[in-house]
Number of protein chains: 2
Amino acid sequence: MKITNKKGKQFRVPDATIRRLPLYLDKLILLQQAGVREVSSRQLAMSLDIKASQLRHDFHYFGGFSKPGRPYDVDQLVPALEEIIGVDNPVPFVVVGAGHLGQALCNYANFERQGFPLVGIFDNDPDLIGIKIRGIKIEPIENIATVIKKKNVRLAAITVPSLVAQETAVKLVDAGVRGIWNYTPVDLRLPKDIIVRNERLATGLMCLSFKTKRLEHPELISDD
Amino acid sequence: MKITNKKGKQFRVPDATIRRLPLYLDKLILLQQAGVREVSSRQLAMSLDIKASQLRHDFHYFGGFSKPGRPYDVDQLVPALEEIIGVDNPVPFVVVGAGHLGQALCNYANFERQGFPLVGIFDNDPDLIGIKIRGIKIEPIENIATVIKKKNVRLAAITVPSLVAQETAVKLVDAGVRGIWNYTPVDLRLPKDIIVRNERLATGLMCLSFKTKRLEHPELISDD
DNA sequence: TAGATTGTTAATCGATTAACAATC
DNA sequence: TAGATTGTTAATCGATTAACAATC
């Protein structure tokens, strides 16, 4: 991803770095809550099981979080990363589909703590409509557009049945959603400028299975 | 990951390749169910949004799925990949923690279809114990060891509260579990030969946020 | 045969790690 | 000062892509 900073200088941030930024922020918030004021690249990297030089290399794309000789100031670093990642202001999101998975997402307290307030839950099941989860009433799907426009929602999670995944996604995009967190096994067809993140549950189990299988047959492995 | 094949030849399979194997299998099973008999690297790669040469390169580590000039035979490729990934025989797994997330995982029909039968659900909440999900009764956590040993379970998903995540993981490992699918935000400390896969829900939202934020400010981007 | 396809190697590209001067 | 630390560049490592002979 190529981006331009405030001074107009263009630079390219590797995808691998982008994927690590949330992990850094995650750990730093924990440290902050624990009252830690300073952290070195070595400490922070170790807790994330990566090399310190990799962390400094990542930070170097954005530059100037500290000075040579001084460790990082946690209270400075947290807001700096929040701005880079785009969670310096709260980023509201909605969940479409209030089955078990949808409700699990809604109940996940960490989202709010990390700057993602839940502002809407939608489902078409009459038994669910009206029920409150974390203070949010489940609304019928036909209300999606209204809520999204009113609350200026940019992100939505989809946990609906496969059969209605595509049409749900289209409704969301039409209403203004820019990023979709797709928990269905469907390949959504959406305009190129819409970011889709697919969470494929079963592939996680398969990766685990592959790796543990190798470990059950030591004669088949030789770790280096 | 370095492995040795049946002829005793050692070779190293890149992690990136391992991560793609389940995706290949996933698509191929869909094709098989749709009655498709043959597929070229080009077709299969396109549906996964990767290059055909990458797919052939990946397959080349395991070798011999087809012959030059002939596309792949779906009915041959599926079992071959299943064996490589380690799902040629059913791989039973259990879910510990029957809250919304746990129940969502239990209800996910695709696991069974992909070779991962659910054989146990555990929770300590008296209101949940005894309830059946997909024919499986929720049992108290103290029963974990018995079930795992009896059914020879190697994989377990943890969706318990953070506070008891570590002790739950230890119980599982002591009972014989080799791979843990960790849905808690806790860094589990376990023996090195135990494979842990962490699913960090909040980082998914953060990645989405980063990318959509850039797209909202076109002046900050220049995609190449 | 002509067109399509695989297996396989080489070339390119990207990501990680090491090294170290500058600094506290 | 001595030890620890960052920012930054160069070196290494790994992953992707291109190219093409062999084959159907």
Side-chain angles (χ1 to χ4, degrees), chain A residues 1-3 5 7 9-21 23-24 28 31 36-77 80-81 84 207 223-224, chain B residues 1-3 5 7 9-21 23-24 28 31 36-77 80-81 84 207 223-224:
Chain A
M1 211 169 193
K2 210 188 270 178
I3 62 179
N5 70 8
K7 291 170 194 155
K9 203 169 74 178
Q10 272 211 0
F11 59 108
R12 170 169 238 300
V13 181
D15 277 346
T17 296
I18 294 176
R19 275 193 297 274
R20 279 188 296 267
L21 292 177
L23 303 176
Y24 296 143
L28 284 163
L31 289 175
V36 177
R37 313 301 298 270
E38 296 187 331
V39 68
S40 70
S41 59
R42 200 168 140 277
Q43 293 168 315
L44 188 52
M46 196 154 49
S47 72
L48 286 160
D49 211 20
I50 61 170
K51 293 278 196 303
S53 56
Q54 177 163 78
L55 184 148
R56 293 201 302 276
H57 202 277
D58 283 342
F59 282 8
H60 181 232
Y61 287 102
F62 307 98
F65 293 138
S66 179
K67 287 176 180 155
R70 297 291 310 142
Y72 299 104
D73 180 313
V74 176
D75 291 330
Q76 279 178 7
L77 198 45
L81 279 175
I84 290 165
C207 284
D223 271 329
D224 39 318
Chain B
M1 212 168 192
K2 211 187 269 179
I3 62 180
N5 69 8
K7 291 170 195 155
K9 203 169 75 177
Q10 271 211 0
F11 59 107
R12 169 170 237 298
V13 181
D15 277 346
T17 296
I18 294 176
R19 275 194 297 273
R20 278 188 297 267
L21 293 177
L23 303 176
Y24 297 143
L28 283 163
L31 290 175
V36 177
R37 312 300 297 271
E38 295 188 330
V39 67
S40 70
S41 60
R42 201 168 140 277
Q43 292 169 315
L44 188 51
M46 197 155 47
S47 73
L48 286 161
D49 212 19
I50 61 171
K51 293 279 196 301
S53 56
Q54 176 163 79
L55 184 148
R56 292 202 302 276
H57 202 277
D58 284 342
F59 282 9
H60 181 234
Y61 287 102
F62 307 98
F65 294 136
S66 178
K67 285 176 181 154
R70 296 290 310 141
Y72 299 104
D73 180 314
V74 176
D75 291 330
Q76 279 178 9
L77 198 45
L81 280 176
I84 290 165
C207 283
D223 271 331
D224 38 319

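Order of the sequence lines fixes the chain letters, A, B, ..., with proteins taken first and strands second; residue numbering starts at 1 for each chain.
To the nearest angstrom, C1' of D:dT16 lies 14 Å from CG of B:D49. As a whole-Å value, the separation of A:D73 CG from C:dC24 P is 16 Å. Rounded to whole Å, atom C1' of D:dC13 lies 13 Å from atom CG of B:D15. Distance NZ (B:K51) to P (D:dA19): 12 Å, rounded to an integer number of Å. In this structure, the CD1 atom of A:I50 is 9 Å from the P atom of C:dT16, given to the nearest Å.
Contacts of B:R20 with the nucleic acid, taken as non-hydrogen atoms under 4.0 Å apart, involve only primed sugar atoms and P, OP1 or OP2.
Note that CG of A:L23 and CD1 of A:I50 are 8.0 Å apart. Values are rounded to the nearest 0.5 Å. Atom-to-atom distance recorded for A:F59:CZ and A:L44:CG is 6.0 Å, nearest 0.5 angstrom.
Pairing of D:dA15, defined by two Watson-Crick or G-U wobble distances under 3.5 Å, is identified with C:dT12. Across all strands shown, D:dT5 forms a Watson-Crick or G-U wobble pair with C:dA22, both key distances being under 3.5 Å.
Distance alone, capped at 3.5 Å, is enough to place a donor-acceptor pair between the A:Q43 side chain and the A:S40 backbone. Proximity of a side-chain donor or acceptor of A:S41 to a complementary backbone N or O of A:R56 within less than 3.5 Å is not detected.
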Subject >> nucleotides 1-10 of chain D: protein proximity per nucleotide (B base, S sugar-phosphate only, - neither; heavy atom, under 4.0 Å) >> reply: ----BBBBBB
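Salt bridge absent: B:D73 and B:R37 never bring a charged side-chain N and a carboxylate O closer than 4.0 Å.
Other residues, nucleotides and ligands place no more than 12 heavy atoms under 6.0 Å from the CZ atom of B:R42.
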